[in-house]
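Step one of this worksheet: look at the structure below.
In what follows, chains carry the letters A, B, and so on, assigned in the order in which the sequence lines appear, proteins first and then strands, with residues in each chain numbered from 1. Computed over heavy atoms, backbone and side chain alike; hydrogens, waters and symmetry mates excluded. Quantities reported herein were computed from a predicted structural model and do not represent experimental measurements.
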There are 2 protein chains.
Amino acid sequence: MNKANRIYKEIQQITLAVDCIIFGFNDYKLELLLIHRGFQPERGKWSLIGGFVQNNEDLDEAANRILFNLSGLENIYLEQVKTFGKSNRDPFERVVSTTYSAMILKSDYNEDKVEEYDAKWFPIDQVPELIFDHREMVNSAINRLRRRIRSTPIAFYLLPQKFTLPQLQALYEVILNEDIDKRNFRKKIAQMKFLVKLNEKDMSESRKGAYLYRFDKILYEKDKYFNL
Amino acid sequence: MNKANRIYKEIQQITLAVDCIIFGFNDYKLELLLIHRGFQPERGKWSLIGGFVQNNEDLDEAANRILFNLSGLENIYLEQVKTFGKSNRDPFERVVSTTYSAMILKSDYNEDKVEEYDAKWFPIDQVPELIFDHREMVNSAINRLRRRIRSTPIAFYLLPQKFTLPQLQALYEVILNEDIDKRNFRKKIAQMKFLVKLNEKDMSESRKGAYLYRFDKILYEKDKYFNL
DNA sequence: ACAAAAGTGTTAACCGTACACCCATGA
DNA sequence: TCATGGGTGTACGGTTAACACTTTTGT
């Protein structure tokens with residue numbers, strides 16, 4: 001920033017906000033958490049969870065705070081996606097909003113909060129009409145997620161610490177919106193040493209039971225080869 | 001954004017800025033355009049070109065305006081990279097800055113402006129100390145560029161409309177910071193029908209002369225297979 | 001004639017993809 | 001015993017990667 005330009009600052013009237021695209025995986029569907037607007041304007045529509053950035057708060061902290069207020073969860077995995085800055089994107093005032101993508105484990109999530117905030121999970125192929133440019137925000141978050149799950153181990157934030165390969169594969173299938181060959185998928189998993197097979201089965205989803213696996217962060221740090 | 005949160009807005013004192021990472025290709029080097037700070041504090045250091053966002057201006061427009069003021073160029077190719085929002089990133093006031101990556105053709109660039117703004121081009125491996133978190137901004141822009149030139153035709157913004165394959169290859173080599181096999185590189189080029197060979201040679205860089213090529217946007221729109 | 005850069009094909013290794021049957025268990 | 005979902009290997013085709021010589025032309 002050039003000091004000569006600081007002249008503009010005096011008159012700047014722009015509010016900075018954060019909006020969160022919250023992903024969850026449940027019942028073999030990828031879902032988004034949205035809140036319902038019970039007031040005018042845009043009454044009846046749904047929106048992302050958002051809030052304004054406070055003066056002494058990092059942008060990332062603001063996203064964390066907003067998520068904590070809503071969910072009671074701390075240290076949620078967050079990634080900045082994109083900043084939306086069209087001057088008329090919010091018709092009521094000038095708000096520039098930075099979006100963050102969050103991965104949460106639905107089972108950790110405090111369901112009381114859902115009530116309190118009039119929030120609801122929607123499968124991503126059944127997202128209702130959203131206010132302002134929130135639909136565009138959702139789209140860019142999904143596109144980013146699709147790109148990133150192929151090369152980084154972020155899908156594990158959407159699963160319990162111990163998960164089965166059928167679960168993991170189903171998660172990839174719904175995110176990528178395509179069928180994946182079971183054997184090819186497992187071949188790749190086997191190459192990634194940081195995906196550790198446990199001597200323990202999950203018997204809840206089939207008669208035979210499926211082995212549980214665990215993502216080992218330390219092993220991953222040593223050899224970050226990730227390719228799915 | 002939830003209206004209930006708008007309470008925070010009244011007291012928000014955050015200024016929104018844009019900083020531009022301007023890439024150019026010259027003399028077989030990838031370069032960055034930086035401006036020199038001739039005043040305290042941080043005197044003598046270099047910084048990115050930046051400015052504050054105006055009240056009725058889209059964020060993207062702000063980046064375009066700032067670049068136009070500096071370079072006299074319109075319709076420069078720009079991509080939003082990331083928003084930097086640590087509360088103390090600018091020690092003098094609270095400024096959140098969205099970074100944009102720009103590709104410019106050094107030969108189009110108005111060199112008088114360089115003088116006027118005390119600006120200078122630096123090869124990316126010789127970037128001087130930068131103010132604040134500008135070094136981090138540069139790094140994320142370079143990383144993004146490295147990812148994107150493999151799958152999208154953005155490198156052509158750094159070359160004249162007619163360019164030779166040795167030029168194009170050299171550009172890829174400096175951006176990716178690795179040697180590329182000439183024959184394999186040309187094999188891939190040959191597959192991309194939107195890279196059109198002209199019946200015209202550039203004789204300025206060798207005795208034999210190298211055929212000129214052109215990126216055909218319309219052909220690219222028909223078949224966007226891009227892989228380098 | 002020689003120096004300097006442009007241009008050109010073939011082979012081997014690797015990776016992605018397609019594909020079908022047996023296994024373990026609970027009801 | 002049967003229905004359900006879990007688990008396993010191989011072969012083919014395409015892509016990537018390695019590699020060396022000939023061409024053109026100005027000096």
Side-chain angles (χ1 to χ4, degrees), chain A residues 25-29 146-147 149-151 159-160 162-193 195-214 223-228, chain B residues 25-29 146-147 149-151 159-160 162-193 195-214 223-228:
Chain A
F25 180 59
N26 193 245
D27 191 24
Y28 293 92
K29 290 197 287 287
R146 286 195 176 135
R147 266 181 278 117
I149 54 160
R150 292 174 179 279
S151 57
L159 292 173
K162 297 175 181 180
F163 53 86
T164 67
L165 296 191
Q167 279 173 349
L168 184 64
Q169 181 175 342
L171 175 56
Y172 272 81
E173 287 177 336
V174 296
I175 293 175
L176 297 174
N177 195 30
E178 64 186 27
D179 290 344
I180 298 173
D181 181 275
K182 196 181 6 171
R183 281 177 285 192
N184 295 336
F185 184 78
R186 284 161 182 261
K187 216 184 303 172
K188 288 184 174 178
I189 298 293
Q191 288 169 9
M192 295 184 249
K193 306 295 167 49
L195 294 175
V196 182
K197 186 179 183 174
L198 306 175
N199 277 324
E200 200 181 340
K201 279 189 168 185
D202 167 30
M203 302 304 289
S204 68
E205 306 222 26
S206 73
R207 303 180 205 271
K208 184 175 177 178
Y211 279 104
L212 289 163
Y213 284 70
R214 172 176 72 76
D223 175 18
K224 298 197 172 187
Y225 176 77
F226 192 99
N227 177 270
L228 269 177
Chain B
F25 180 58
N26 193 246
D27 192 22
Y28 293 92
K29 291 196 285 287
R146 285 193 177 138
R147 267 181 278 119
I149 54 160
R150 293 174 180 278
S151 56
L159 292 173
K162 298 176 181 180
F163 54 87
T164 67
L165 296 191
Q167 278 172 350
L168 184 64
Q169 181 175 342
L171 175 57
Y172 271 81
E173 287 177 334
V174 295
I175 292 175
L176 297 173
N177 195 30
E178 64 186 27
D179 291 343
I180 298 173
D181 180 276
K182 195 181 8 170
R183 281 175 287 189
N184 294 336
F185 185 78
R186 283 162 183 260
K187 217 184 302 172
K188 288 184 174 178
I189 298 293
Q191 286 169 11
M192 294 185 254
K193 305 295 167 49
L195 294 175
V196 182
K197 185 179 183 174
L198 306 175
N199 276 324
E200 201 181 339
K201 280 190 168 186
D202 167 31
M203 300 305 289
S204 68
E205 306 224 24
S206 73
R207 311 212 153 129
K208 184 176 179 182
Y211 279 103
L212 288 163
Y213 283 70
R214 172 175 73 75
D223 175 19
K224 298 196 172 187
Y225 176 77
F226 192 99
N227 177 270
L228 269 176

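- Between B:Tyr213 and B:Ile189, the closest heavy-atom pair is CE2-CG2, 4.5 Å.
- Atom pair B:Met203:CE and D:dT27:C1' shows a separation of 14 Å (rounding to whole Å applied).
- No donor-acceptor contact under 3.5 Å links the side chain of A:Lys187 to the base of C:dG16.
- Counting only distance, with no hydrogens or angles, the side chain of A:Asp27 and the backbone of A:Lys29 share no donor-acceptor pair below 3.5 Å.
- Residue A:Gln169 contributes atom CD, which lies 14 Å from atom P of D:dG5 at whole-angstrom precision.
- Relative to the side chain of B:Asn184, the nucleotides D:dC19, C:dT8, D:dT23 differ in distance, and D:dC19 lies closest.
- Comparing A:Lys208 and A:Lys182 along DNA chain C, the residue whose closest nucleotide (by nearest heavy atom) sits nearer the 5' end is A:Lys182.
- One can place CZ of A:Arg150 at 11 Å from P of C:dG16, the figure rounded to the nearest angstrom.
- For B:Tyr211, taking side-chain heavy atoms from C-beta onward, the closest of the listed nucleotides C:dG7, D:dT8, D:dG6 is C:dG7.
- Following rounding to the nearest Å, B:Glu178 (CD) and D:dT16 (C1') show an atom-to-atom distance of 13 Å.
- The structure places CE of B:Met192 at 3.5 Å from CG of B:Leu228, a figure rounded to the nearest 0.5 Å.
- With rounding to whole Å, B:Phe185 atom CZ is found 18 Å from C:dG9 atom P.
- Looking at which nucleotide of DNA chain C each of A:Asp181 and B:Tyr213 is closest to, the 5′-most match is held by B:Tyr213.
- When all heavy atoms are compared, the tightest approach of B:Glu178 to B:Arg150 is OE2-NH2, 3.8 Å.
- With distances taken from any side-chain atom of A:Arg207 to the nucleotides C:dC19, D:dA18, D:dA3, the minimum falls on D:dA3.
- Taking atom CZ of A:Arg183 as the reference point, atom P of C:dC22 lies 12 Å away to the nearest angstrom.
- Atom CG in A:Leu165 sits about 12 Å away from atom C1' in D:dT8, given to the nearest Å.
- OP1 or OP2 of C:dG16 has at least one side-chain nitrogen or oxygen of A:Asn227 nearer than 4.0 Å.
- The main-chain N or O of A:Ile149 is found under 3.5 Å from a side-chain atom of A:Tyr172 such that the two form a donor-acceptor pair.
- A donor-acceptor contact under 3.5 Å is not formed by the side chain of B:Arg186 with the base of C:dA6.
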